[in-house]
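Down below is the structure, laid out as structure tokens.
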Amino acid sequence: MRQPTEDITERLHAEIDLTPARYRPLLLRLVHSFREGIEADEPWPSAADSLRDGWRDVSAGRTQPLDSIWDGIDAD
């Protein structure tokens, strides 16, 4: 079962916070290398691909009003 992106991001931040400061440069190198590795395997979509995907979402009604897009983003 996939977890929401926000939950994963929060967990990543928590792990970073628990990592001693002296090891954080190494952690950054690991994350950077990981990202580069997955980009090499599956490159980011081109602008044309992104536009096609977006157009499919619009055509299928998978959109939400712009004025509601930031609803609930403020965290206390």
Side-chain angles (χ1 to χ4, degrees):
M1 177 180 219
R2 293 182 61 185
Q3 295 182 339
T5 303
E6 298 82 26
D7 182 48
I8 296 294
T9 302
E10 288 174 15
R11 291 174 58 196
L12 281 167
H13 283 279
E15 289 294 333
I16 292 167
D17 290 342
L18 292 171
T19 303
R22 68 180 179 270
Y23 296 121
R24 288 184 185 175
L26 177 59
L27 180 59
L28 177 60
R29 285 179 31 207
L30 287 168
V31 171
H32 181 77
S33 295
F34 175 80
R35 184 185 53 78
E36 285 184 331
I38 61 171
E39 283 178 3
D41 289 343
E42 188 174 324
W44 298 112
S46 69
D49 291 338
S50 294
L51 181 60
R52 271 191 292 277
D53 290 345
W55 189 253
R56 267 188 236 121
D57 286 340
V58 168
S59 298
R62 293 186 299 261
T63 61
Q64 63 187 59
L66 187 59
D67 61 351
S68 70
I69 206 155
W70 299 111
D71 290 352
I73 200 161
D74 295 328
D76 292 330

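Computed from heavy atoms alone, side chains included, the values below leave out hydrogens, waters and symmetry copies. Residues: numbered from 1 along the sequence shown. These numbers come from a predicted model, not from an experiment.
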Might you confirm whether atom CZ of R29 has over 12 heavy atoms from other residues, nucleotides or ligands at distances under 6.0 Å?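 No, CZ of R29 has 12 or fewer neighbouring heavy atoms, counting only those of other groups under 6.0 Å.
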Say whether D71 and S68, considering side chains only, have a donor N or O and an acceptor N or O under 3.5 Å apart.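 No, because no side-chain N or O of D71 sits under 3.5 Å from a partner of the opposite role on S68.
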Enumerate donor-acceptor pairs with a distance under 3.5 Å from any side-chain N or O in residues 17-27 to protein atoms, sequence neighbours excluded.
unit_1: T19; atom_1: OG1; unit_2: E15; atom_2: O; d: 2.8
unit_1: R24; atom_1: NE; unit_2: I16; atom_2: O; d: 3.2
unit_1: R24; atom_1: NE; unit_2: T19; atom_2: O; d: 3.0
unit_1: R24; atom_1: NH2; unit_2: I16; atom_2: O; d: 3.0
unit_1: R24; atom_1: NH2; unit_2: D17; atom_2: O; d: 3.2
unit_1: R24; atom_1: NH2; unit_2: T19; atom_2: O; d: 3.1

Residues clustered with L28, ILVMFWY side-chain links under 4.5 angstrom: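 Cluster partners of L28: none, it stands alone.
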Going by the rule salt bridge (charged side-chain N to carboxylate O under 4.0 Å, His left out), which residues pair with R35 if we only count those two or more places apart in sequence or in a different chain?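 R35 satisfies salt bridge (charged side-chain N to carboxylate O under 4.0 Å, His left out) with E39 only.
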Out of curiosity, Q64 CD to D57 CG, how far, rounded to the nearest 0.5 Å?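 CG of D57 is found 11.0 Å from CD of Q64.
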Are V58 and L51 connected in the hydrophobic side-chain network, where two residues link if heavy atoms are under 4.5 Å apart?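 Not linked; separate clusters.
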